[in-house]
J.: 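Dumping the structure here so I can ask a few things about it.
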There are 2 protein chains.
Amino acid sequence: MSAQEANDVLERLNNLQRMEARAFGLRYGLQPVQMDALTYLTQCNRYSNTPQAVAEYLGLTKGTVSQSLKVLEQKGFLRKQADKQDKRIVRLAPTSKGSHLIKKALLARSLEPALAMTDSRKIAELTSVFRSILRDMQQTNGRKAFGACHTCRFNEDHEKNGYVCGLTREPLSVQDVQLICREHQYPQ
Amino acid sequence: MSAQEANDVLERLNNLQRMEARAFGLRYGLQPVQMDALTYLTQCNRYSNTPQAVAEYLGLTKGTVSQSLKVLEQKGFLRKQADKQDKRIVRLAPTSKGSHLIKKALLARSLEPALAMTDSRKIAELTSVFRSILRDMQQTNGRKAFGACHTCRFNEDHEKNGYVCGLTREPLSVQDVQLICREHQYPQ
DNA sequence: AAAATTGGTATTGAGTCGAAACTAAATGGA
DNA sequence: TCCATTTAGTTTCGACTCAATACCAATTTT
């Protein structure tokens, strides 16, 4: 049992998940990349629902992503809306059709059933291992983490008074801090 | 710390690895899918080095894969050779140029450095968790496992006398049993 | 007020993808 | 043995992704 082997198993797991995700999307006439974008948009917070953020998340150019989003809008999976403050910015929101689809897709390919059968202490260890790997990768290649607020170093837990984002100073709800943020940074 | 969160972290890790792999391949004029195919071919055993096996591994149709392989051959990353026994079968072998490229790519994106820093007992646990997940996924959606022989239920360890594949009855070397096989099945 | 930056869109050319049609070799009966 | 079937691969086609480039408009900087 080596690091090499762990790496291989993980690699294969990636492959299988990608294959299943592709097959699922195809049944609804969506390309993998469109599924990925829509998935992101159902999970990101209000600072992170723009074309630019989607592009950064997926590691693609904004031009490329712009087209995928156009298709998603045409097919009725999401709505575009100009930002009130900054009129350059486009806000993206999945329609109910869109979020239902993603909910179904996530359920189909989630590892949760499998993970639920394993010891929660093991899962905790495992998550921390991967989180530290993520942190490494993020640093060495300059990508963003795209984690949820509740694991972010800018997130402040004000106990009874809810949460506050240390970057924007805005209050965040219990639901908010579960969402993905493009400004996310792990502590330390 | 929940199964949900473990799932998310893993998801993001997938994304990052894909992004890096894409960027790497692009520097050498190769598409992600071509990198994937070539990677597989440097890691598979002699029963698994055919276009059909590549297609199964990647979850694509044989027609699609056929084109990618043509490009890889044209660019000098692999060689095609008709099988001696069965003339329908094409055997694929990476050239030294091809295997060098993949070696470099794997090194660049390996989790091994990060994993090496974590407790080996943890890694063992982690691997076993993911292996059982893999087994689940493989069963529920009818995909093949594509594991290495030494984790396969058909592999027989004859101690001093080396290994034997229970399917083909052929002897396998120490190196052989580290390779990926399309007939692989996990025990139990 | 002009210049630079930022967020997004449109266009183009190379390439992937699945589906379907196809070839050739092996297999399996009668 | 001969013909049907199966198996391994290739080719072609149309829809689509992708990066690169050029572009536009709003914002920020100088």
Side-chain angles (χ1 to χ4, degrees), chain A residues 18-38 41 47-75 77-92 182-183, chain B residues 15 18-38 41 44 47-75 77-92 182-183:
Chain A
R18 260 216 314 290
M19 286 161 55
E20 295 312 314
R22 171 187 292 278
F24 183 97
L26 225 66
R27 288 202 290 278
Y28 293 87
L30 289 185
Q31 300 293 322
V33 93
Q34 294 164 356
M35 289 294 291
D36 288 345
L38 197 53
L41 288 171
Y47 310 132
S48 315
N49 59 354
T50 68
Q52 182 66 37
V54 174
E56 283 168 11
Y57 181 79
L58 297 177
L60 304 176
T61 61
K62 55 185 183 168
T64 297
V65 167
S66 179
Q67 297 175 64
S68 298
L69 295 174
K70 197 168 69 176
V71 173
L72 282 172
E73 191 191 20
Q74 283 164 356
K75 295 196 172 180
F77 290 105
L78 69 81
R79 262 193 333 274
K80 291 184 182 179
Q81 202 166 358
D83 186 274
K84 298 276 192 305
Q85 269 81 49
D86 187 334
K87 284 172 191 163
R88 292 171 305 182
I89 295 177
V90 170
R91 297 288 169 188
L92 305 165
R182 63 188 296 196
E183 306 296 348
Chain B
N15 259 331
R18 260 216 315 288
M19 286 161 55
E20 295 312 315
R22 170 186 294 280
F24 184 96
L26 223 66
R27 288 201 290 278
Y28 293 87
L30 289 185
Q31 301 292 324
V33 87
Q34 294 165 354
M35 290 294 291
D36 289 346
L38 197 54
L41 288 171
C44 73
Y47 310 132
S48 316
N49 59 355
T50 68
Q52 182 66 38
V54 174
E56 283 168 11
Y57 182 78
L58 297 177
L60 304 175
T61 60
K62 55 184 183 166
T64 297
V65 168
S66 178
Q67 298 176 62
S68 299
L69 295 175
K70 198 166 69 175
V71 174
L72 281 173
E73 191 191 20
Q74 283 164 356
K75 296 196 172 181
F77 291 104
L78 68 82
R79 262 194 334 275
K80 291 184 181 179
Q81 202 164 358
D83 186 274
K84 298 276 192 306
Q85 268 81 51
D86 188 335
K87 283 173 192 164
R88 292 171 305 181
I89 294 177
V90 170
R91 298 288 169 188
L92 304 164
R182 63 187 296 197
E183 306 297 346

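Values in this document were obtained by computation on a predicted structure and should not be read as measured data. In the text below, chain A, chain B and the rest are named by the order of the sequence lines, each starting its count at 1.
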J.: Between B/Asp86 (CG) and D/dG9 (C1'), how many Å, whole number?
T.: 11 Å
J.: Identify which nucleotide among D/dA19, C/dT9, C/dG18 has an atom closest to any side-chain atom of B/Leu26, counting heavy atoms from C-beta outward.
T.: D/dA19
J.: Quick check for you: among C/dA26, D/dA19, C/dG8, whose closest atom lies nearest to any side-chain atom of B/Lys87?
T.: C/dA26
J.: Nearest to the side chain of A/Lys62 - D/dT27, C/dC17, C/dG8?
T.: C/dG8
J.: Could you pull out all residues at least two apart from B/Ser68 that satisfy side-chain hydrogen bond (donor to acceptor under 3.5 Å, both in side chains)?
T.: none
J.: Out of C/dG8, D/dA8, D/dT12, which nucleotide sits closest to the side chain of B/Gln67?
T.: D/dT12
J.: Starting at atom CD1 of A/Ile89, determine the distance to atom C1' of C/dT9, rounded to an integer number of angstrom.
T.: 15 Å
J.: Tell me, do A/Val90 and A/Gln81 make a side-chain contact under 4.5 Å, heavy atoms counted?
T.: no
J.: Ignoring backbone atoms, test whether A/Thr64 places a side-chain nitrogen or oxygen under 4.0 Å from the OP1 or OP2 oxygen of D/dC18.
T.: no
J.: To the side chain of B/Thr50, which of C/dG8, D/dG9, C/dC17 is closest?
T.: D/dG9
J.: Does anything in residues 28-37 of chain A reach DNA chain C, meaning a heavy atom under 4.0 Å, and if so which residues?
T.: none
J.: To the nearest Å, how far apart are B/Leu69 CG and D/dG9 C1'?
T.: 10 Å
J.: Considering only heavy atoms from C-beta outward, does the side chain of A/Gln74 approach that of A/Lys70 to under 4.5 Å?
T.: yes
J.: Once you round it to whole Å, what is the distance between P of C/dG7 and CG of A/Leu60?
T.: 17 Å
J.: In whole Å, I'd like the distance from the CZ atom of B/Arg22 to the C1' atom of C/dG15.
T.: 11 Å
J.: Quick check: do A/Val33 and A/Val65 have side-chain heavy atoms less than 4.5 Å from each other?
T.: no
J.: If you check the B/Arg88 side chain, which of C/dA26, D/dA25, D/dA19 turns out closest?
T.: C/dA26
J.: Does OP1 or OP2 of D/dT17 have a side-chain N or O of A/Lys70 closer than 4.0 Å?
T.: no
J.: Working note: B/Leu60 + B/Val54, criterion side-chain contact (heavy atoms from CB on, under 4.5 Å); need CA distance, chi angles, decisive distance, verdict.
T.: CA-CA 8 Å; B/Leu60 304 175; B/Val54 174; over 6 Å; no
J.: Check the pair B/Leu92 / B/Lys80 against side-chain contact (heavy atoms from CB on, under 4.5 Å), numbers first and verdict last.
T.: CA-CA 5 Å; B/Leu92 304 164; B/Lys80 291 184 181 179; 3.7 Å; yes
J.: Roughly, in whole Å, what's the span from NZ in A/Lys80 to P in C/dG7?
T.: 16 Å
J.: Would you mind reading off the distance between A/Gln52 atom CD and C/dT5 atom C1', rounded to a whole angstrom?
T.: 12 Å
J.: Is A/Arg91 touching bases, backbone alone, or none of the nucleic acid, heavy atoms closer than 4.0 Å?
T.: nothing
J.: Grab the CG-P distance between A/Leu92 and C/dG7 for me, whole Å please.
T.: 14 Å
J.: Can you list the steps and then say if B/Gln31 with B/Val71 is a side-chain contact (heavy atoms from CB on, under 4.5 Å)?
T.: CA-CA 10 Å; B/Gln31 301 292 324; B/Val71 174; over 6 Å; no
